**Student:** 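One structure, as structure tokens, below. Some questions next.
What you see is a predicted model; the values in this text were computed from it and never measured. Chain A is the first sequence line, chain B the second, and so forth, proteins listed ahead of strands; every chain is numbered from 1.
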Amino acid sequence: PPHWSPGTTIMAVEFDGGVVMGADSRTTTGAYIANRVTDKLTPIHERIFCCRSGSAADTQAIADSVTYQLGFHSIELDEPPQVQTAANLFKEMCYRYREELMAGIIVAGWDKRRGGQVYTVPVGGMMTRQPVSVGGSGSTYIYGYVDSNYRTGMSREECLQFTAKALSLAMERDGSSGGVVRLAVISEQGVDRQVILGNQLPRFSAA
Amino acid sequence: MLEESLQPGWLSEEVKTGTTIIAVEFEGGVVIGSDSRVSAGAAVVNRVMNKLSVLHDKIYCALSGSAADAQTMAEAVNYQLDVHSMEVGEDPLVRSAATLVKSISYKYKEELSAHLIVAGWDRRGGGQVYVTLEGLLCRQPFAIGGSGSSYIYGFVDAEYRKGMSRKESQEFVVNALALAMGRDGSSGGVAYVVTIDQTGAEEKCVLGNELPTFFDE
């Protein structure tokens, strides 16, 4: 059977009042694009999402399990769960089964205690909070762009532009990333999802 | 039983210039830049190596890949270019230098593992940047190479504009190098920048603490 390749670019940014998350939409098996409109932004709870990279099977299974545990925990607590709790649950699973899994996950969301937060759980199972985080095979190409263009205190709109641009740059260079850009903004008001189609993406041309 | 070697690991590792190199054309010349780290496995065996080699007065090349292969290629082309320019009786074209590099890269492509970016100024074409990866020859407005270059593709795609001035091009090169050196473990040290135009080549070294810093530093 053709090798299923987990090429991806995913990204999440904190701003004052929430987070912006983004992902490309390409799933490839070898050179064939099995799904050109994949949705890699997965809801874990009402105001907590995760971006998945690595093995789709692994990340889906982990996300399903964390969704279940978090739902249960939230009912026990009788209030919305904290983003940090979700991130911890991901970390527990990714670390315990690190030998069997191939999963790189970015957890982001909003809770009333700490506002917008982004936590990254890369392959291996460590977990850390970062103001901006990128992941997936396409992320290597945009480290320089993200490092030079991120500033603290960006507004919601600026974060959306920043994420869309960064993902477009990665998709232009990484053969395993492409399609459309899916964005999600999570704040106290809830979740606002957007799609930027291929022909509407910001374009950069050097030659 | 643990097997222990009497020699440190890095003595048996191949010496690579895991690197970041970049060259960009501007109106009237080129700017070419590199980091300065040479690594053998995890050890840094030279932290101040100048990877910008002279091919001729106004033609430089930037080295990346295997240190031995790259240096040898540069020396060979330097010699061939000297002979050629004496035969022709005037300064060689940048394209000639790039073609010589390409010939070696292509002929020995199985044996060598080095990538040189050739950049310079000549009377006929002004500032030019040529890429010679794996034996192809291609002129580009700017070029990046080496292990650190992966991290700055997004940055250079977004920030490059046609018609930058000399100063803007120098800043572009230094920023790109600083960003790559921040993310690539095999790139680091100082940044060497050479600006070549009609009047000649100006060499500059930007020390580690003078490099631009970014939001998390």
**Student:** Can you tell me if CZ on A:Arg36 sees more than 12 non-hydrogen neighbours from other groups inside 6.0 Å?
**Tutor:** no

**Student:** Looking at A:Gln194, I'd like to know if its CD atom is crowded, meaning that more than 12 non-hydrogen atoms belonging to other residues, nucleotides or ligands lie closer than 6.0 Å.
**Tutor:** yes

**Student:** Above 12 or not: heavy atoms from other molecules or residues under 6.0 Å from CD of B:Glu27?
**Tutor:** no

**Student:** Taking side chain as everything from C-beta outward and backbone as N, CA, C, O, which of these in A:Pro202 sits under 4.5 Å from a heavy atom of chain B? Side chain, backbone, both or neither.
**Tutor:** neither

**Student:** Got a sec: does the CD of A:Gln161 have more than 12 other heavy atoms crowding it under 6.0 Å?
**Tutor:** no

**Student:** With a cut-off of 6.0 Å (strictly less than), are more than 12 heavy atoms of other residues, nucleotides or ligands near CD of A:Glu46?
**Tutor:** no

**Student:** Check this for me: A:Asp64, atom CG, are more than 12 non-hydrogen atoms of other residues, nucleotides or ligands nearer than 6.0 Å?
**Tutor:** yes

**Student:** Identify the two heavy atoms, one from B:Phe155 and one from A:Gly144, that lie closest to each other, and give their separation to 0.1 Å.
**Tutor:** CB-C, 3.8 Å

**Student:** Do you know which two heavy atoms are closest between B:Phe215 and A:Pro131, and how far apart they sit?
**Tutor:** CE1-CG, 4.2 Å

**Student:** Hey, could you give me the CG/CZ distance between B:Asp157 and A:Arg173, rounded to the nearest 0.5 Å?
**Tutor:** 4.0 Å

**Student:** Please flag which part of A:Val132 lies under 4.5 Å from any non-hydrogen atom of chain B: side chain, backbone, both or neither.
**Tutor:** side chain

**Student:** Is the number of heavy atoms from other residues, nucleotides or ligands under 6.0 Å of A:Arg182 CZ greater than 12?
**Tutor:** yes

**Student:** Rounded at 0.5 Å granularity, tell me how far CD in B:Glu159 sits from CG in A:Leu169.
**Tutor:** 9.5 Å

**Student:** How about NZ on A:Lys40, more than 12 heavy atoms from neighbouring residues, nucleotides or ligands closer than 6.0 Å, or not?
**Tutor:** yes

**Student:** Mind checking which of residues 175-185 of chain B sit less than 4.5 Å from chain A, heavy atom to heavy atom?
**Tutor:** B:Leu179, B:Arg183

